[in-house]
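Right, one structure below, let's go through it.
Heads up: numbering here begins at 1 and tracks the sequence.
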Amino acid sequence: MSIQAKHYWTCLWPGMSELWWRGRLSALPASVAFAAVVNALLIAKFIYPGWLSGALVMLACWIVAAAWVVLTVRSIRELPLLLSPRQVSDQPDRFAEAQLAYLTGNYALAEEALTAGLSIEPRDPPALLLLAAVLRHTGRLNAADALLTEIPKLEAAAAWNLEWESERARLERDLDSRGELQDAE
């Protein structure tokens, strides 16, 4: 994904780029706190100017402006990592290795390669779908079911809907056959 100028607009508010591009709720308190501080300063400066001394308000404004510059520069530096972590990472992409291991039936190696890839980009629909298939093949049907339940919640997963439905059907088939086996016992 190439970074365009419009992507940088989210860097102008502290925490917004992490919220917008990655959905990280851990950035929400910083964003809300910054908004609260800016609003308090605006109120102290324009609505209730006698509330605090003018020098104290100006000092706080300069501190907030400096913090805003520092946080904006930090967000601009981190934006490539937020938008395309796999391209920025120094670790190799092991998805092809995981696919080959899956196709040859080496599910342990496939799971290890997928886990390594997902540690870099945890919101990768193809890797998550392949991991669900590995979990299904290794008999961990409940874990595969939980993973398949979470995949459609990703905005990037819409393009993978057909594959998701196919894997969901295979999992349902395996869950039904497991239920029939337990009923027979």
Quick one: pull up OH in Tyr102 and OG1 in Thr104 and give me the separation to the nearest 0.5 Å.
-> 11.0 Å
When hydrophobic residues are tied together by side-chain contacts of less than 4.5 Å, even through go-betweens, does Val70 share a cluster with Ile63?
-> no
In this structure, CG of Leu100 is separated from CG of Asn106 (nearest 0.5 Å) by 9.0 Å
Could you state whether Val37 and Leu42 fall into the same hydrophobic cluster, counting links through intermediate Ile, Leu, Val, Met, Phe, Trp or Tyr residues with side-chain heavy atoms under 4.5 angstrom apart?
-> yes
Any side-chain heavy atom of Asp124 within less than 4.5 Å of one from Leu128?
-> no
Is there a chain of hydrophobic side chains (I, L, V, M, F, W, Y, each step under 4.5 Å between heavy atoms) that links Val69 to Trp9?
-> yes
Which pairs pass salt bridge (Lys or Arg N to Asp or Glu O under 4.0 Å) with one or both residues in residues 19-31, sequence neighbours excluded?
-> Glu18-Arg24, Arg22-Glu121
Identify, with sequence neighbours excluded, every residue that meets salt bridge (charged side-chain N to carboxylate O under 4.0 Å, His left out) alongside Lys6.
-> none
Check for a donor-acceptor pair, side chain of Arg178 on one end and backbone N or O of Gly139 on the other, with a separation under 3.5 Å.
-> yes
Pairwise side-chain contact, Val64 with Leu41, heavy-atom cut-off 4.5 Å (strictly under) | yes
May I have all residue pairs that pass ring-ring contact (aromatic ring centres under 6.0 Å, His included) and include part of residues 141-171, sequence neighbours excluded?
-> none
Partners of Ser53 by side-chain hydrogen bond (donor to acceptor under 3.5 Å, both in side chains), sequence neighbours excluded?
-> none
List the atom of Ala156, the atom of Pro125, and the distance in Å for their closest heavy-atom pair.
-> O-CG, 3.6 Å
Looking only at heavy atoms, the pair that brings Ala98 and Ala110 closest together is O-CB, 3.6 Å
I would like to know whether Ile43 and Trp51 meet side-chain contact (heavy atoms from CB on, under 4.5 Å); could you show each step before the answer?
-> CA-CA 9 Å; Ile43 289 170; Trp51 208 16; 3.7 Å; yes
Only pairs at least two apart or in different chains count here, so list each salt bridge (Lys or Arg N to Asp or Glu O under 4.0 Å) that has a residue in residues 138-149.
-> Glu111-Arg140, Asp145-Arg168
Separation between CH2 (Trp68) and CZ (Phe34), nearest 0.5 Å, reads 8.0 Å
Any side-chain heavy-atom pair from Gln91 and Ser119 closer than 4.5 angstrom?
-> yes
Spatial distance of atom CG (Asp174) from atom CG (Asp176) [nearest 0.5 Å] | 9.0 Å
Determine, using the 4.5 Å side-chain heavy-atom cutoff (strictly less than), whether Leu129 and Leu103 are members of one ILVMFWY cluster.
-> yes
Plane angle bin for Tyr107 and His137 - parallel if under 30°, tilted between 30 and 60°, otherwise perpendicular = parallel
Which atom of Ala157 lies closest to which atom of Ile151, heavy atoms considered = CB-O, 3.2 Å
Check: Ser17 side chain, Leu79 main-chain N or O, donor-acceptor pair, under 3.5 Å = no
How far apart are the C-alpha atoms of Leu82 and Trp20, what are their side-chain angles, what is the distance that settles it, and do they pass the side-chain contact (heavy atoms from CB on, under 4.5 Å) test?
-> CA-CA 10 Å; Leu82 292 174; Trp20 190 265; over 6 Å; no
Considering residues at least two apart in sequence or located in another chain, which fulfil the side chain to side chain contact (heavy atoms under 4.5 Å, CB included) criterion with Ser166?
-> Arg170
Approximate separation, where rounding is to 0.5 Å, of Met16 CE and Leu71 CG | 13.5 Å
Please report the closest heavy-atom contact between Ala44 and Leu52, naming both atoms and the distance.
-> CB-CD1, 4.2 Å
First locate atom CZ of Arg173, then atom CG of Leu171, and finally report the distance between them rounded to the nearest 0.5 Å.
-> 9.5 Å
Would Leu83 end up clustered with Leu19 when hydrophobic side chains under 4.5 Å apart are linked, directly or stepwise?
-> no
Candidate pair Leu109 and Arg94, rule side-chain contact (heavy atoms from CB on, under 4.5 Å), full reasoning | CA-CA 11 Å; Leu109 179 60; Arg94 296 182 60 193; 4.3 Å; yes
